[in-house]
Every structure is written in C-alpha cells, then in structure tokens.
Peer 1: 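Just dropping this structure here.
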Amino acid sequence: MAEKVVTRFAPSPTGYLHVGGARTALFNWLLARRTGGTFVLRIEDTDQKRNTPTAARQVMDDLRWLGIEWDEGPQVGGPNGPYLQSERREIYDKYVKQLLDEKKAYYCFDTPEELEAQRRQAEADKGGFLYARPAEFPTDRDAEQARAQGKPVTVRFAVPQGELLVVQDVVRGEITFAPGEIGDFIIQKSDGFPTYNFACVVDDYSMKITHVIRGQEHLNNTPGQQALWRALGFGELPKYAHMSVTVSDSGGKLSKRERPKTLRNAIGTLQDVDLDKLADIGKLTCDELDSFVKGETTPDMPSIDAMAQYLGVPLPEINIVDFFKSGYLPETMVNFLALLGWNPGDNREIMLVGELIEAFDLARLTKSNSLFDRKKLIAFNTEHIKMTSPEKLLRHLKHYLKVVDSPVVAADDERLSELIRICEGARTLADIDRKSRFLFLDSDAIEYEDKAVKKVLLKNDGLAVLAVVRDKLAAMNEFTEEQIENMLRSLAEKKQLGLGKVAQPLRVAICGTTVSPPIFDSVRMLGKEETLARIDNTLEKFGRDGKAE
RNA sequence: GCCCCCAUCGUCUAGUGGCCGAGGAUAUCAGGUUCUCAUCCUGGAGACAGGGGUUCGACUCCCCUUGGGGGUACCA
C-alpha cells in the first residue's frame with residue numbers, strides 16, 4: 001500500500017542557505033529518513049536576473065555541513081534529473097504546449113507597463129487584480145506575429161473559474177478559496193523560462209514527490225498549483241504541509257537585510273569612526289561607504305563582514321554559515337531548527353539527529369509562527385558541546401579554526417584536545433578559540449587590555465604580587481599544573497589573599513586579559529620559559545608608570 | 001484595499017472538553033559553588049489577547065473584535 005515517501009527541498013540559488021531554508025530542508029529530510037523514503041534536492045534557477053553562480057554550490061555545502069544529504073539531486077544524480085530547472089526547459093516546453101493545445105492556457109502580449117496600469121486600475125476600483133481572460137485565445141500565428149513585432153510573449157494558465165478551490169493541508173486542514181480568487185497566472189515568461197508556479201508543479205510530478213513541505217508563504221500559491229496539476233492530468237496530488245514561518249528575534253522578519261542594517265546603525269552610533277580606514281577595510285570607495293551609511297546602497301556580504309569585524313560589531317547570524325562562523329555546532333543547528341515549529345510531544349529538547357528522525361511526525365507540526373531566539377540557541381550549543389565526544393569536537397574545532405583563520409590552527413591534535421578539555425563549559429567554538437589564542441601569539445604580540453591592566457595590575461599591589469609569583473615560578477623545577485596550583489594556593493594563603501588576587505595578575509600578564517582557561521592549565525601549557533618572559537614584559541611595561549613600588 | 005493563515009509565561013512550546021489551582025525549556029530575578037570567563041546547583045516570579053456563545057463543565061468547539069504573519073510579480 002503505502003508508496004515510498006519522496007520529499008524535496010527546492011531552493012532558488014540567490015544566496016547562502018539561511019535558517020528558514022535550512023529548516024524547510026531539514027523537515028523534508030527528516031520525513032524522508034523517518035519513513036525510509038527519498039530526499040530530493042532541486043535547484044530552482046528559473047530567474048535569470050537573480051541567480052548567483054556560486055550560490056547553488058554554497059547552499060549544497062551548507063546542507064552537507066548540517067548533515068542533510070540528498071538522495072537525488074545535483075552532484076549525486078538520480079533517475080528523474082536533471083535537477084537544475086534551467087536544464088529542464090524542454091520538459092516545461094512540452095507541457096506548455098500541451099496546455100496550449102488543449103486550450104487550458106493562452107498567449108499574452110502585454111508589456112509590463114500595461115500590466116502595471118491594469119493593476120493600478122484594479123486597485124482604484126477596490127478589487128483584487130484578476131487578469132482579463134480574452135474571449136478568444138490568440139493562436140500560434142498571433143504569437144509569432146507578436147514576437148516579430150518585438151512584443152513580449154508570455155503564456156498564462158486559464159485557471160478554472162466558477163468553482164471552489166479546496167486545498168487539503170496536512171498542518172492546517174481544509175482551506176478554501178472562493179471562485180475568482182485565483183486569477184490566470186503566467187506559466188511561461190517572455191524569456192521562455194517557466195515561472196516558479198509552473199516548474200514546481202511539473203517537477204514535483206516528474207520527480208514523483210509525495211510530500212511537499214514548505215513555508216506558509218506558499219499557501220496562497222497552492223490552489224493555483226493544484227489546479228495546474230489537474231489540468232495537466234497528473235493524477236493524485238502530493239500531500240501538502242505548510243509550515244509556520246520563523247521570524248527574527250532582532251525584530252521583524254528573518255531577512256538577510258538584517259546584517260547590513262545592524263552594521264549601518266552601529267556606524268551611526270559609534271563615535272569617532274575612521275571612515276577612510278573603514279572604507280578601505282570594506283574595499284569600498286568613500287562615496288560607496290557614504291551611500292551605504294545613508295541607506296542608499298548595500299555592499300556585498302564579504303565587505304559587510306569585514307567592516308563589522310573591524311569595528312567589533314556583532315552582526316545577527318542569519319545564514320547557516322554565519323552560525324558556523326560564530327562557533328555553533330551543526331548538531332545544535334539541526335536540533336534547534338527541528339524544534340522551531342515541531343516537537344516530539346514529550347518534554348525532550350536536547351536531541352541528536354537520530355532521535356529527531358525517530359520522533360519526527362508531520363502531525364506534530366505547529367501552526368503558529370515562531371521567533372528565532374538566539375539566546376536559547378546558545379544554551380543549546382553549550383549543551384551540545386558538553387555532550388559531544390572529544391573526538392568529534394576535535395574535528396569540529398579543527399574545521400572551525402581553519403575557516404576563521406585562527407592562530408590556534410597551529411596546534412596539533414593533542415594540544416587541541418587538551419584545550420577542549422580545559423575549556424569545559426564553553427558555549428561556542430569561538431569561546432575556545434578566543435580563550436586559546438594567547439598560547440599561539442608571540443609574547444610581544446600580546447595586547448594588554450586597558451581595563452584589565454588598571455583593574456588587576458595597578459590596583460591591590462597587583463604588580464608586586466606578580467613579581468613574587470614570578471620568582472616562585474622561576475624556582476619551580478617541576479612545572480605541572482598540580483605544582484603550580486600548590487604554589488599559587490599556598491602563596492595566597494601566606495599573603496592572606498584570595499586566590500583571585502594572585503591568579504588575576506598572572507592571568508593578565510600571560511594573556512593580556514582577565515579571561516583565560518583555568519590559570520594552572522594556562523600557565524602549564526604556556527610553559528615556564530614563556531610564562532616568565534611574559535611576566536617580565538609585564539613588569540617592565542607597567543612597572544614604571546604604575547604605582548607599584 | 002482584497003485574500004489566506006495564526007493567537008498558552010519575554011521566547012520556544014506541552015495541552016485535542018473534566019487529569020490544568022496550566023507542565024517543560026530558555027531568558028530573567030534571588031541565593032550558592034568557583035582563580036577569570038563560562039559551566040554547575042537551589043529557589044522565585046512569570047501565560048490561556050478581549051467579548052460573546054455551545055456545554056453539567058472550556059486553554060481546548062463556534063462566532064465576532066483585536067493583534068501578528070503571509071500573499072496579492074514575466075521572484076521563488
């Protein structure tokens with residue numbers, strides 16, 4: 001009985017994979033895996049103007065990073081390819097012709113301007129715009145003539161009018177659209193490419209898709225698509241499930257415009273920004289930067305990222321790669337995304353992909369939209385870092401360090417594993433990176449944070465304590481963390497100080513900030529020689545102008 | 001404007017007429033542990049949008065209002 005489930009993810013390659021798309025892909029993939037079905041990846045590149053050549057590639061990389069592998073699609077092939085719509089033109093043409101021959105579709109020769117005027121008129125008449133279907137359909141000859149005259153030639157589907165269009169939706173139940181609600185829509189553009197609403201129907205049929213899981217923004221397209229499906233004689237409809245949409249926690253829609261917007265606002269608020277330098281960092285001319293700040297234009301992503309990094313402005317993550325670069329684990333993303341608009345029905349939240357697959361059920365999709373809460377995401381990531389095996393974490397960390405170009409890449413596996421161990425409790429891979437960098441910098445490359453110096457070195461005899469610590473360290477012949485700990489603790493006790501008063505000056509001396517892995521591990525890993533050198537540097541550098549004795 | 005969808009703690013959600021004096025997570029607050037950051041532990045506060053019905057009984061069903069989202073393209 002039950003036919004094999006076939007689901008698909010059909011992104012248009014206009015940019016990086018963003019969280020919304022990732023979630024759609026995930027749900028489709030989860031259902032396929034749950035049921036032992038097939039997951040198809042199809043690239044919807046029918047818009048000549050908007051496709052970026054590298055985008056499809058990027059989307060696939062991001063899917064793979066998440067662990068979402070497709071059974072049919074680009075790069076892997078399959079029986080129903082090609083999987084790029086731009087390579088399926090003959091297929092669409094065939095069906096357009098069929099519809100034309102059966103008088104279920106017709107040619108149109110309107111210019112965009114004419115259409116625009118009709119639309120405005122309809123608005124003025126306070127009605128929805130419905131294309132006025134001609135009593136007599138133009139013939140192939142008319143179309144040729146129009147083309148010869150340089151008129152645009154499109155093909156419209158004659159949507160069956162006068163009947164209620166009913167959509168059965170898996171998550172929303174029955175949805176009805178009144179007759180006349182859906183106007184005749186274009187199925188073939190004047191450049192010969194199919195429109196989304198057409199290509200999607202043809203492909204879902206020929207790729208034998210059984211379940212269409214997509215965002216609710218497609219709900220209103222569905223009656224038209226289903227009418228088309230019937231007109232084409234495609235037989236039984238796939239099941240449709242329209243998921244709730246995810247909105248951003250930084251207000252409004254989760255859109256790629258958020259990042260430039262955040263940066264723009266930051267530039268506006270920040271005092272004394274060196275605009276020339278900034279333009280240089282972003283590889284922009286001053287005029288281009290100016291126009292960006294004024295909100296007139298938006299530079300490309302690498303430019304935005306570079307400027308944000310330079311200014312130290314955190315941008316909200318929106319693309320999957322952004323989350324990767326912020327140090328999130330793919331396990332976290334999959335887990336978190338799965339729980340946006342779905343839940344297993346019990347109180348489980350932290351789940352591995354295997355558990356998600358096992359528990360997944362379309363019947364448990366949520367109807368209402370949800371906010372993407374980055375705070376909760378961090379909590380999830382902390383949890384996943386904690387539960388991931390050291391080996392796996394090491395793999396993730398290495399990949400991460402390489403991509404973000406951290407000096408920590410210099411470490412070998414053993415050392416990285418050690419770092420992972422002593423950074424227990426880290427919330428992101430970025431935390432581990434940040435805390436570890438001091439080990440991989442030259443001692444003269446250490447930047448001493450102003451605040452840290454003032455607070456721990458120049459106050460409470462910080463430098464004096466540091467000098468004592470220095471001598472004690474120098475006198476040690478065994479440089480294990482146990483020895484270091486014993487020494488520091490007994491010193492603190494002897495001086496009637498809290499351990500912090502002893503540890504903090506040392507910490508600032510070796511890494512320039514008040515934050516590092518546990519001090520005993522940090523010192524041991526740095527090594528005796530380098531530790532002493534950095535302390536000496538510090539003493540020298542701040543000893544004079546400080547008020548240390 | 002018109003059409004479609006949605007509505008439980010700040011947020012993600014459990015809840016399918018009595019088990020709910022509404023459960024979990026996260027955020028937040030108060031304590032505690034700790035050499036920093038983080039982790040960790042204990043406790044607190046916090047929600048059924050409003051109004052009508054239906055019913056012996058509504059968070060759960062129906063209607064209206066309000067609020068949010070989406071669509072209204074030769075974008076997908």
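Order of the sequence lines sets the chain letters (A, B, ...), proteins ahead of strands, with each chain counted from 1.
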Peer 1: Please give the distance between the P atoms of B/G70 and B/C12 as a whole number of Å.
Peer 2: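 Pairwise P distance, B/G70 against B/C12, rounds to 15 Å.
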Peer 1: On a whole-Å scale, what distance lies between the C1' atoms belonging to B/G71 and B/A14?
Peer 2: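 Pairwise C1' distance, B/G71 against B/A14, rounds to 31 Å.
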Peer 1: If you check every side-chain atom of A/R364, which of B/C4, B/C75, B/G15 has the closest atom?
Peer 2: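 So the side chain of A/R364 is nearest to B/G15.
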Peer 1: For the P atoms, the ones on B/G31 and on B/A22, what distance do you get once it is rounded to whole angstrom?
Peer 2: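 Nearest-Å result for B/G31 against B/A22 at atom P: 27 Å.
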Peer 1: Has A/D45 got a side-chain atom pairing as donor or acceptor with A/L84's backbone, closer than 3.5 angstrom?
Peer 2: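 Between the backbone of A/L84 and the side chain of A/D45 there is no qualifying donor-acceptor contact (under 3.5 Å).
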Peer 1: Which nucleotide sits closest to the side chain of A/P518: B/A76, B/U36, B/A27?
Peer 2: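 So the side chain of A/P518 is nearest to B/U36.
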Peer 1: Quantified in whole Å, what is the P atom distance between nucleotide B/A25 and nucleotide B/A7?
Peer 2: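 Approximately 24 Å lies between the P atom of B/A25 and that of B/A7.
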Peer 1: I'd like to know if A/E349 reaches the base of B/G24 with its side chain, counting only an N/O donor and acceptor under 3.5 Å.
Peer 2: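 Checked by distance alone, the answer is yes.
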Peer 1: Please check this pair: side chain of A/E424 against backbone of A/R421, looking for a donor-acceptor N/O pair closer than 3.5 Å.
Peer 2: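 No.
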Peer 1: Could you check how far CG of A/N343 sits from C1' of B/U8, rounded to whole Å?
Peer 2: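 Nearest whole value for this atom pair: 14 Å.
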Peer 1: Give a yes or no on whether the backbone of A/H384 and the side-chain of A/T388 come within a donor-acceptor separation of less than 3.5 Å.
Peer 2: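 Yes, the answer is positive, given that a donor and an acceptor are paired below the 3.5 Å cut-off.
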Peer 1: Under the 3.5 Å rule, do the base of B/A27 and the side chain of A/K376 count as making a donor-acceptor pair?
Peer 2: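 No, the side chain and the base share no sub-3.5 Å donor-acceptor pair.
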Peer 1: So which nucleotide from B/C6, B/C35, B/C74 ends up closest to the side chain of A/S368?
Peer 2: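 Looking only at heavy atoms from C-beta outward on A/S368, the closest nucleotide is B/C6.
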Peer 1: OP1, OP2 of B/A14 versus side-chain N and O of A/T366: anything below 4.0 Å?
Peer 2: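 It does, given that an N or O in the side chain of A/T366 lies less than 4.0 Å from OP1 or OP2 of B/A14.
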Peer 1: Paired with B/A22: which nucleotide, if any, by Watson-Crick or G-U wobble criteria at under 3.5 Å for both distances?
Peer 2: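 Paired with B/A22, as far as the under-3.5 Å criterion goes, is no nucleotide at all.
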Peer 1: Just compare B/G70, B/U36, B/U13 and give me whichever is closest to any side-chain atom of A/Q504.
Peer 2: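 Closest nucleotide to the A/Q504 side chain: B/U36.
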Peer 1: Give none if B/U66 has no partner; otherwise give the nucleotide forming a Watson-Crick or G-U wobble pair with it, both distances under 3.5 Å.
Peer 2: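 Its partner is B/A7 (Watson-Crick or G-U wobble, both distances under 3.5 Å).
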Peer 1: Roughly how many Å apart are B/C48 and B/U11, using the P atom of each and rounding to a whole number?
Peer 2: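 12 Å, rounded to whole Å.
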Peer 1: Nearest whole Å is fine: how far is B/C75 C1' from A/F185 CZ?
Peer 2: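 Distance, rounded to whole Å: 15 Å.
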Peer 1: Starting at atom NZ of A/K435, determine the distance to atom P of B/C35, rounded to an integer number of angstrom.
Peer 2: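 Distance, rounded to whole Å: 14 Å.
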Peer 1: Spell out yes or no: do the side chain of A/R434 and the base of B/C37 have one donor N/O and one acceptor N/O closer than 3.5 Å?
Peer 2: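 No.
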Peer 1: If you measure from the Lys or Arg side-chain nitrogens to the Asp or Glu carboxylate oxygens, is any gap between A/E114 and A/R119 under 4.0 Å?
Peer 2: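 Salt bridge: no.
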Peer 1: Tell me if the side-chain of A/N347 makes a donor-acceptor pair with the base of B/A25, cut-off 3.5 Å, by modelled atom types.
Peer 2: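 Answer is no: no donor-acceptor pair is held.
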Peer 1: What integer number of Å spans the P atoms of B/G10 and B/A45?
Peer 2: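 15 Å, rounded to whole Å.
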Peer 1: When you compare B/G46 with B/C6, how far apart are their C1' atoms, in angstrom units rounded to a whole number?
Peer 2: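 Each nucleotide's C1' atom is 24 Å from the other's.
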Peer 1: CD of A/Q216 versus P of B/A76: gap in Å, rounded?
Peer 2: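 The distance from CD of A/Q216 to P of B/A76 comes to 20 Å, rounded to the nearest Å.
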Peer 1: Is there a donor N/O on one and an acceptor N/O on the other, under 3.5 Å, for the side chain of A/T154 and the base of B/C74?
Peer 2: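 Between B/C74 and A/T154, which were checked side chain against base, a qualifying N/O pair under 3.5 Å is absent.
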Peer 1: Pick base, sugar-phosphate or nothing for A/L219, based on heavy-atom distances below 4.0 Å to the nucleic acid.
Peer 2: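 Sugar-phosphate, backbone atoms only, no base.
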Peer 1: Decide yes or no, distance alone: a donor-acceptor N/O pair under 3.5 angstrom between the base of B/C6 and the side-chain of A/K367.
Peer 2: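 Between B/C6 and A/K367, which were checked side chain against base, a qualifying N/O pair under 3.5 Å is absent.
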Peer 1: So do A/F380 and A/M351 actually touch side chain to side chain, heavy atoms under 4.5 Å?
Peer 2: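 No, too far: nothing below the 4.5 Å cut-off.
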Peer 1: Does the distance from a Lys or Arg side-chain N to an Asp or Glu carboxylate O, for A/R42 and A/D204, drop under 4.0 Å?
Peer 2: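 Yes, charged N to carboxylate O under 4.0 Å.
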